[in-house]
Amino acid sequence: MTTITVGLLGAGRGLSLAQLFDRVPGYRVVAVCDAIPERLDRARSACPRAEGFHDYAAMLREPFDVMIVASAPPNHADHVCAALEAGKAVLSEVPAAHTIDDAQRIVDTVARTRGYYMLGENCNYYGFIHAWKELLEEGVLGEVIHAEGEYVHDIRGITWVDADGRYYNPADPRCPATARPSWRARYNPIQYITHSLGPLLWLTSDRCTSVSCLSTGCRTQPEIGSPDGQIALFETHSGAPIRQSCIFSAPKEPGGQWYSLYCSRGYAESKRAPWDSGKLYLADGTMKEIQRKDWPTAVDTPLASSGHGGIDGGLVWEFAHAFRRGAPSPIDVHTAMDYTLPGIYAALSAERNGERLHIPDTRTERLVTRF
Ligand SMILES: NC(=O)c1ccc[n+]([C@@H]2O[C@H](COP(=O)([O-])OP(=O)(O)OC[C@H]3O[C@@H](n4cnc5c(N)ncnc54)[C@H](O)[C@@H]3O)[C@@H](O)[C@H]2O)c1
């Protein structure tokens, strides 16, 4: 088996993905890059066979096969396009793009370079999402008539960052005067929609066609700057509306993703907390009331003992095997934009007090910034 070599940009979240690649037979992480010395040192200890780089352009000149792009979302387009131009396959962290122009640039670069691109949407690898897919494919649940997804996570403690990449809440007395707002402090919550929307679109093979979104405003901790949360209602190609809530500055514990499916023959809901359980109701006479369901947390792979309850392992395993076989990307660039553009257009809708906006399909439409 030939060895497939991997590089990593961004040794924050990205480091856990790189360590998983090192556990896949036939894959080896050979290069890691971070501009922050402390993070680069950590990455080199975690991936001892990798050379360390401070400079992304220098790393791109090295002859490896796959680039993990785990920089901040506003830089994904620059970093993804540069990697594709350098002939690397790309596994990009979420969301795929920050702006409409960024999204079109990534789509165009994948097409021109005929590059291999996958969006790293790990939530698609929840075990219960795969269990729901089986129920839908077997016709047990019937037709989906409405779906809901939420990502609620109080991230105020990671909105300010110091020069060594250490995160703080700006209200914390330990936050140094030199700390600055990180990308998360300047982010529209609904643009971080891929975790709560991606699995629903994967389940239903659907896409969002228009959106109306409202914002809470920035009331919990005004110095953070971004809205506390945003709530969007999407029209879909199939006609089943989807509601999404992304809330990142609210004192709710535990945080995490939550999903529900309303179908013509039943209802399924994920658990909201570790002591909760998944739920299923079928209207075929077999269930008189909603039933507790202990669906698996993550899809079963040899990387099951991995981050986020095992879903990171599902993601890396699927990328690694699809890429080695030359199979189509499991979450290709158009699907990545199906997951990402709804958040970008929802944020624009919120700026316009809920005006309903069309969401283009990158397979058939060019994205235009002014509409
Ligand atoms: N899928 C998940 O569960 C999950 C979880 C957390 C974060 N993420 C995503 O992962 C990405 C990274 O998140 P994070 O929390 O690690 O962000 P971060 O800002 O803490 O880390 C990004 C790192 O990239 C480095 N970097 C950026 N540009 C660089 C360049 N040109 N040269 C060298 N180094 C550079 C920075 O120094 C920094 O250390 C984001 O896209 C985020 O949305 C995904």
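By convention here, the first residue in the shown sequence is residue 1. We count ligands from 1, going down the list as the structure has it; atoms in each ligand are counted the same way.
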Practice prompt. Could you walk me through whether Gln230 and Leu214 pass side-chain contact (heavy atoms from CB on, under 4.5 Å), step by step?
Written response: CA-CA 6 Å; Gln230 290 170 315; Leu214 293 177; over 6 Å; no

Practice prompt. Sequence neighbours left out, what pairs pass ring-ring contact (aromatic ring centres under 6.0 Å, His included) with at least one residue falling in residues 78-118?
Written response: Tyr56-His79, His98-Tyr187, Tyr116-Phe319, Tyr116-Phe323

Worksheet item: Sequence neighbours excluded, which residues qualify as salt bridge (charged side-chain N to carboxylate O under 4.0 Å, His left out) partners of Asp300?
Response: none

Worksheet item: Taking only residues two or more places apart in sequence, or in another chain, which ones meet Asp276 in a salt bridge (charged side-chain N to carboxylate O under 4.0 Å, His left out)?
Response: Lys279

Discussion item. With a 3.5 Å distance limit and no angle check, can you tell me whether Arg39 reaches the backbone of Asp164 through a side-chain donor-acceptor pair?
Written reply: no

Worksheet entry | salt_bridge(Arg166, Glu38) N-O dist < 4.0 Å | yes

Item to complete: Would you please write out the protein residues whose heavy atoms approach any atom of ligand 1 to under 4.0 angstrom, listed by chain and number?
Response: Leu9, Gly10, Gly12, Arg13, Cys33, Asp34, Ala35, Ile36, Arg39, His54, Ala70, Ser71, Pro73, His76, His79, Glu93, Val94, Asn122, Tyr167, Trp183, Arg184, Tyr192, His195, His308

